[in-house]
Amino acid sequence: MNPSIWIAIAIAGILCACNPVVAHPGHDHPPDGRVWKDADGLFEIEASFVLAHDGRVQLLKPDGESVWVPLDKLSAADRAWVRDRVAAIRTLNGAAESQPDPSSPASADSTGPILAAVGVAVFAVAFWACVKGKRAGAVAVAVLGAGAASALAVAQDGKPKPAIQAHFEPFKDKLKFRADDTYFYVESNGMPDHRMMVGITAWQQQVPIPQAYTGRNAWPIPLFPKVADKPVSAKKALFRGAIALAVNGVAIFNPIKNDGRTDTFLAGELDEYGGHCGRADDYHYHTAPVHLEKTVGKGNPIGYALDGYPLYGYADAAGKEPNDLDEFSGRTEKDGYRYSSTRKYP
């Protein structure tokens with residue numbers, strides 16, 4: 001048999017081995033609609049099962065909207081249903097019982113096996129090219145290249161990383177990222193690289209301790225923020241807990257402490273970076289962390305509000321300090337709505 005045919009067969013085998021488990025091999029959606037529940041009882045979704053892949057489940061709502069839900073966020077009953085469904089589908093598709101469950105994150109990443117297989121094929125092509133001549137080798141390499149590109153596209157699930165991730169990547173050594181169709185999640189221990197608690201004159205007798213902002217406790221940032229019908233001002237509410245996340249993974253709180261009256265900066269409770277520890281020994285900022293511009297560069301976000309809109313330093317996109325901010329310390333620029341840091345409250 002012609003060696004190029006053997007290579008094509010090998011590539012086809014690689015691609016077939018990488019497909020996620022879908023409810024049907026065709027393009028018709030399954031009729032198994034059900035009500036999916038969150039493990040903590042936070043939501044219910046009426047939808048049909050489409051596929052399980054990379055530790056996530058794709059669901060199809062009656063209105064045609066497709067959503068991805070992390071498998072570990074579903075109730076125990078729903079997780080068991082997915083496992084049984086995946087096993088049944090694999091049996092129908094003739095898959096070997098010993099193959100890993102594609103709904104499991106630990107077994108879902110097939111990039112390594114793909115690259116290994118492609119590497120072997122590349123070696124074979126190179127050897128064959130030396131024996132048969134340049135023209136034959138060029139044809140085989142072209143076929144192999146197309147197959148490899150398709151294989152890697154399948155391995156990466158066809159989902160590019162969210163644009164928001166680039167703003168956190170200067171601190172990627174300390175952070176972890178993931179995303180679904182709705183949120184970008186940031187995992188951190190809440191501890192900055194700079195020194196803490198220096199310069200405080202009204203100490204709360206707390207010390208900074210790493211926090212477990214991981215897994216289900218990761219910071220969720222909406223990927224597609226929308227202006228609220230009734231916006232809430234931090235001057236009148238939001239005095240408890242984080243209202244934003246700095247790009248170094250440290251939470252940002254309201255400048256006013258949880259009593260709704262005290263300005264933490266004027267009260268001398270903040271260190272030289274505008275932060276301190278709360279009653280849970282969690283370090284957080286109460287003023288905009290503009291010092292992060294030294295790392296991320298001016299003109300880039302220094303954080304994201306938990307409503308999904310970015311927080312910038314003092315200057316706008318043109319390098320000037322805006323004087324027309326709205327009551328929420330933000331305004332719409334050419335790339336959308338953004339919050340700006342200000343030198344005075346609020």
Between K73, R34, R85, K37, which is the residue that forms a salt bridge (charged side-chain N to carboxylate O under 4.0 Å, His left out) with D78?
R34

Within 45° cone of Y314 ring axis and under 6.0 Å: R343 NZ or CZ
yes

Whether [X] side chain and [Y] backbone form a donor-acceptor pair below 3.5 Å:
{"X": "S329", "Y": "S340", "result": "no"}
{"X": "T201", "Y": "G268", "result": "yes"}
{"X": "R338", "Y": "D316", "result": "no"}
{"X": "R178", "Y": "G215", "result": "yes"}
{"X": "N189", "Y": "P210", "result": "no"}

Report whether [X] and [Y] are members of the same hydrophobic cluster (ILVMFWY, side-chain heavy atoms less than 4.5 Å apart, transitive linking).
{"X": "V186", "Y": "F224", "result": "yes"}
{"X": "I302", "Y": "M191", "result": "yes"}
{"X": "I221", "Y": "V227", "result": "yes"}
{"X": "V50", "Y": "W68", "result": "yes"}
{"X": "L306", "Y": "L175", "result": "yes"}

Looking at side-chain heavy atoms only, is the closest gap between [X] and [Y] below 4.5 Å?
{"X": "R331", "Y": "P322", "value": "yes"}
{"X": "M197", "Y": "V207", "value": "no"}
{"X": "P192", "Y": "Y283", "value": "yes"}
{"X": "F253", "Y": "N258", "value": "no"}

E321 atom CD: more than 12 heavy-atom contacts under 6.0 Å
yes

With rounding to the nearest 0.5 angstrom, report the [atom1] to [atom2] distance, [X] to [Y].
{"X": "Y339", "Y": "L325", "atom1": "OH", "atom2": "CG", "result": "12.0 Å"}
{"X": "D271", "Y": "M196", "atom1": "CG", "atom2": "CE", "result": "8.5 Å"}
{"X": "Y185", "Y": "R216", "atom1": "OH", "atom2": "CZ", "result": "9.5 Å"}
{"X": "L270", "Y": "T287", "atom1": "CG", "atom2": "OG1", "result": "6.0 Å"}
{"X": "H194", "Y": "Y273", "atom1": "NE2", "atom2": "OH", "result": "6.5 Å"}
{"X": "E269", "Y": "C277", "atom1": "CD", "atom2": "SG", "result": "12.0 Å"}

N/O donor-acceptor pairs under 3.5 Å from side chains in residues 228-252, not counting sequence neighbours:
| residue | atom | partner | partner atom | Å |
| --- | --- | --- | --- | --- |
| S233 | OG | K235 | N | 3.1 |
| N248 | OD1 | V250 | N | 3.2 |
| N248 | ND2 | Y285 | OH | 3.1 |

F49/W81 aromatic ring centres below 6.0 Å
yes

Do F184 and F177 make the cut of ring centroids closer than 6.0 angstrom?
yes

Shortest non-hydrogen separation from [X] to [Y] and the atoms involved:
{"X": "L74", "Y": "A39", "result": "O-CB, 3.5 Å"}
{"X": "T295", "Y": "P170", "result": "CG2-CB, 4.0 Å"}
{"X": "P162", "Y": "L223", "result": "CB-CD2, 3.8 Å"}
{"X": "P301", "Y": "V296", "result": "O-CG2, 3.8 Å"}
{"X": "R56", "Y": "A179", "result": "NH1-O, 4.0 Å"}
{"X": "G299", "Y": "Y312", "result": "O-CE2, 3.4 Å"}

Result of checking F168, W219, Y309 against Y304 for side chain to side chain contact (heavy atoms under 4.5 Å, CB included)
F168

Distance alone, cut at 3.5 Å: any donor-acceptor contact between the side chains of Y337 and D307?
no

Show me the pairs that pass side chain to side chain donor-acceptor pair (under 3.5 Å) and involve residues 205-214, at least two apart or across chains.
Q206-R279, Q206-D281

Aromatic ring pairing H286/H276, orientation class (parallel under 30°, perpendicular over 60°, tilted between):
perpendicular

Step-by-step salt bridge (Lys or Arg N to Asp or Glu O under 4.0 Å) determination, K344 to D263:
CA-CA 11 Å; K344 295 182 180 180; D263 185 316; over 6 Å; no

